[in-house]
Amino acid sequence: MSVISQFVPDLEKGKGMYFLSIKSEANTPGGLPARTVLTSIYKSPYFHDRHRNPYANYTSPPETFLCPDSYQSMYSQMLCGLCQHKEVLRVGSYFASSFVRAIRFLEKHWSLLCNDIRMGTINTQITDQSVRESVMKILKPDPELADFIEAECSKDSWQGIIARLWTNTKYVDVVVTGSMSQYIPTLDYYSNVMTRKVILVIFRGNDYFALSVVFPSPMFCGCKVGLRKSW
C-alpha cells in the first residue's frame with residue numbers, strides 16, 4: 001500500500017499524470033555509463049514493472065518519457081494526460097520546477113493539443129515513431145473533450161487550471177523543499193488551493209526515502225503531518 005494512500009483514499013482506482021524525463025548519458029574514461037539517478041530509475045526494470053502496483057499507474061506510456069527530445073516528450077505526455085483527464089487522481093513531477101514547466105508548456109501549446117484530441121491524430125512535429133505508436137493506442141477522436149479543454153484554456157485567468165481540467169485530482173505530488181519552495185505560490189495559483197480541490201504534497205524531499213505531507217497547502221493552512229519512513 002502507498003504511504004500517501006493512508007491520507008488520500010482510493011488512489012488505486014485512478015491514474016497519476018506525472019511529467020518525467022531522462023537526461024543524456026555519457027561514458028567514463030573507463031567505459032562505465034554515467035547518467036543521472038532519475039534516468040537510471042526510469043530505465044530500470046523495477047520502474048517498468050510498476051504496472052503490477054495499482055498505486056503506480058501512470059497516464060503516459062514509457063516511450064513518451066524515455067524520448068530524448070524534450071519537446072516531443074513533454075507534448076506526448078501532456079496529450080496522454082489530457083485524453084485521460086477523468087482518470088487522473090494525482091498530478092506531478094519529481095521537482096516543482098518541472099511541473100510548473102509542464103503547465104506553462106500547456107499554456108503555450110493547448111491549441112495544438114486540442115486539435116490532436118479533436119481529430120484523433122498526433123502533430124507532425126512528433127517524429128519519434130515509438131512515441132507516436134504508443135500515444136495512438138490511447139488517443140481517440142474526442143471533439144467534446146477538445147471543446148472542453150479549449151473553453152478552459154482560452155479563459156483570461158489560468159487560476160485553478162489543474163482542478164478545472166483534471167477535475168478528480170486529489171493532490172499535486174512534487175518536491176517543494178529547499179530551492180523548490182519558490183514555486184509554492186505558483187503551484188497554489190494553478191491548483192486553486194482555496195477551493196480545497198487539490199492538496200499540495202511535499203513528497204520525497206532531499207532524502208529520496210523520506211516523506212513529508214502538508215494539508216492542504218503550506219501557503220494556506222498550518223495543519224501539517226510529518227513522516228519519515230525508510231524502505
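Basis for what follows: all heavy atoms, side chains included, without hydrogens, waters or symmetry-related copies.
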With a 4.5 Å heavy-atom cut-off, do [X] and [Y] have their side chains touching?
X: Ser97; Y: Tyr183; result: yes
X: Glu87; Y: Lys15; result: yes
X: Phe105; Y: Tyr71; result: yes
X: Thr167; Y: Lys86; result: no
X: Trp158; Y: Arg104; result: no
X: Tyr94; Y: Val174; result: no
X: Phe65; Y: Gln77; result: yes
X: Phe19; Y: Arg101; result: no

[X] [atom1]: over 12 foreign heavy atoms closer than 6.0 Å:
X: Met119; atom1: CE; answer: no
X: Gln129; atom1: CD; answer: yes
X: Lys155; atom1: NZ; answer: yes

- [ ] State yes or no: do Ile138 and Leu82 share one hydrophobic cluster built from I, L, V, M, F, W and Y residues joined by side-chain heavy-atom distances below 4.5 Å, directly or via other members?
- [x] no
Would you say [X]'s side chain and [Y]'s backbone share a donor-acceptor pair under 3.5 angstrom?
X: Arg164; Y: Glu152; result: yes
X: Gln72; Y: Ile126; result: no
X: Ser157; Y: Gln159; result: yes
X: Thr64; Y: Ser60; result: no
X: Ser181; Y: Gly178; result: yes
X: Tyr75; Y: Leu112; result: yes
X: Asn168; Y: Leu89; result: no
X: Asp10; Y: Lys13; result: no

- [ ] Of all the heavy-atom pairs spanning Phe148 and Leu165, show the shortest one and how long it is.
- [x] CE2-O, 4.0 Å
Open item on the list: Tell me whether Glu150 is salt-bridged to Arg118, with the criterion being a basic N under 4.0 Å from an acidic carboxylate O.
Closed with: yes
- [ ] Output, in order, the C-alpha distance, side-chain angles, deciding distance and verdict of side-chain hydrogen bond (donor to acceptor under 3.5 Å, both in side chains) for Gln84 and Tyr58.
- [x] CA-CA 10 Å; Gln84 303 169 83; Tyr58 298 159; over 6 Å; no
TODO: Walk me through it: do Cys83 and Val135 pass the test side-chain contact (heavy atoms from CB on, under 4.5 Å)?
DONE: CA-CA 10 Å; Cys83 289; Val135 173; over 6 Å; no
